[in-house]
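Working notes, structure below.
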Amino acid sequence: MPEGDTIHYAARRVGVALVGKEITGIETPHPRSRGGRWPERLAGREVRGVEAHGKHLFIRFDGDLTIHSHLRMTGKWGVYRRGERWRRSPRRAWLVIRTLEHDVVEFDGPVLELMSDSRTRFDQRLAALGPDILAEEFDERDHLRRLREDDPTRELGDALLDQRNLAGIGNVWKSEGCFLAGVDPWRRLAEVGDDEVLAVVGAVRPLMQRSVENGGGWIRTREDGTLWVFERPGLPCHRCGTLIRARGQGDDNRTTYWCPGCQR
Ligand SMILES: [Zn+2]
């Protein structure tokens, strides 16, 4: 699943291609994205800005209209020079925005909607999003307040994935962050100190920022470019030799990887 770093990088590229540029065409070829009259509603409008918040991407047009997308497991944003071959089949395109120089394409949905700016502020799902781990100034206090208002019996690894607590982090960074901070992801929130929570965030944030600089999805946490625990179940820990463990966690049963030797 694309995590926040991938979306921030996509927002950057889409922004360079669209902001202030003449839009020469908008198409919604996929059956599920047709019917909203987007080409008519967006005709003649300029893109003012493109933003990411966590795993959500917003393309803001003149006149109070915003395209909101969330890629979930399957979606992808592509930015191609005019005439360059797209890396996914055109049949999978849900949205195409053309300028004189670029095709900006959203493939495979699955969340793609055109809404007013005010709705993006008041929409319950969006308004509930926690602070973005990749925001220029990460709001630690807001993050801690949200975690402390969450169920104190909830396990840390599960709580970190809840975008209402912290936006942008996903399964890979969650597992690696808990390892780097030496914190057991199975501990309940009531038993985890603020300093430990911030140690996880503090370990992951610079790595995610570096990933954005490297094109997003640049997931590596060790010097040699590999990972400490993610997808290494049954292999010896690089640090202490204990076998890495893996188990589904939380209501969504997302797999958490950890070293019982290094993480307490
Ligand atoms: Zn270890």
Side-chain angles (χ1 to χ4, degrees), residues 1-117 119-120 123 125-126 129 134 163 167-168 170-172 208 211-219:
M1 178 190 276
E3 303 197 15
D5 50 305
T6 300
I7 306 304
H8 275 258
Y9 177 71
R12 215 182 258 192
R13 290 191 74 209
V14 171
V16 167
L18 296 184
V19 173
K21 302 290 163 66
E22 184 189 345
I23 308 288
T24 57
I26 292 182
E27 296 152 34
T28 49
H30 193 275
R32 280 181 57 193
S33 58
R34 270 184 221 146
R37 297 176 41 254
W38 290 22
E40 293 87 342
R41 290 167 69 191
L42 294 171
R45 298 178 195 269
E46 270 199 6
V47 172
R48 285 185 285 113
V50 178
E51 300 153 22
H53 186 112
K55 303 177 191 175
H56 299 257
L57 187 145
F58 302 90
I59 303 178
R60 301 199 184 276
F61 286 80
D62 283 336
D64 196 42
L65 280 176
T66 292
I67 290 174
H68 163 232
S69 96
H70 189 297
L71 302 176
R72 298 208 196 281
M73 304 299 263
T74 53
K76 179 183 173 64
W77 283 97
V79 177
Y80 307 103
R81 292 236 150 231
R82 233 11 192 331
E84 184 186 346
R85 191 189 156 89
W86 297 356
R87 266 163 249 147
R88 283 193 189 184
S89 160
R91 267 176 298 174
R92 295 166 67 178
W94 284 45
L95 171 68
V96 186
I97 305 176
R98 298 184 197 276
T99 67
L100 293 171
E101 289 172 14
H102 291 101
D103 297 336
V104 173
V105 190
E106 206 277 350
F107 296 100
D108 295 319
V111 176
L112 190 63
E113 52 191 354
L114 182 59
M115 59 210 301
S116 67
D117 281 350
R119 213 186 113 209
T120 66
D123 181 281
R125 296 157 306 158
L126 298 176
L129 283 175
L134 284 169
Q163 304 291 302
N171 216 32
V172 187
M208 291 183 75
S211 171
V212 175
E213 297 306 322
N214 284 286
W218 198 80
I219 291 171

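We use all heavy atoms of the structure for the numbers below, so side chains are in, but hydrogens, waters and symmetry mates are not.
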Closest non-hydrogen atom pair, Pro39 against Ile26 = CG-O, 3.4 Å
task = Verify side-chain hydrogen bond (donor to acceptor under 3.5 Å, both in side chains) between Ser69 and Trp77, making sure each step is shown before the conclusion.
result = CA-CA 10 Å; Ser69 96; Trp77 283 97; 3.0 Å; yes
Residues forming a salt bridge (charged side-chain N to carboxylate O under 4.0 Å, His left out) with Arg87, sequence neighbours excluded = Glu84
note = Those residues at least two apart in sequence (or on a different chain) that pass side-chain contact (heavy atoms from CB on, under 4.5 Å) with Arg13 are Tyr9, Val79
note = side-chain contact (heavy atoms from CB on, under 4.5 Å) with Leu57: of Leu112, Ile7, Ile67, only one passes, and it is Ile7
remark   = Smallest heavy-atom separation, Met73 atom then Pro2 atom, equals O-CD, 4.3 Å
remark   = Checking Ile23, Ile97, Leu65 against Leu42 for side-chain contact (heavy atoms from CB on, under 4.5 Å), the one that qualifies is Leu65
task = For Pro90, check side-chain contact (heavy atoms from CB on, under 4.5 Å) against everything at least two apart and list the hits.
result = Trp86
request  = Please list, chain by chain and in numerical order, all residues satisfying salt bridge (charged side-chain N to carboxylate O under 4.0 Å, His left out) with Arg45, sequence neighbours excluded.
outcome  = none
note = Applying salt bridge (charged side-chain N to carboxylate O under 4.0 Å, His left out) to Arg12 and not counting sequence neighbours gives Glu213
task = Mind listing the closest non-hydrogen atom pair of Tyr80 and Arg88 along with its distance?
result = OH-N, 4.4 Å
key: Nearest non-hydrogen partners of Leu71 and Lys76, listed with the distance   = CD2-N, 3.5 Å
Parallel, tilted or perpendicular, as decided by the 30° and 60° cut-offs, for the rings of His56 and His70 = perpendicular
ask   = Quick check: does any side chain N or O of Thr99 sit under 3.5 Å from a backbone N or O of Leu18, one acting as donor and the other as acceptor?
value = no
note = Applying side-chain contact (heavy atoms from CB on, under 4.5 Å) to Ser211 and not counting sequence neighbours gives Asp5, Trp173, Trp218
request  = With the side chain counted from C-beta on, respond yes when His68 and Val111 share a heavy-atom pair under 4.5 Å apart, and no when they do not.
outcome  = yes
task = Might you point out which heavy atoms bring Gly170 and Glu3 nearest each other, and give the distance in Å?
result = N-OE1, 2.8 Å
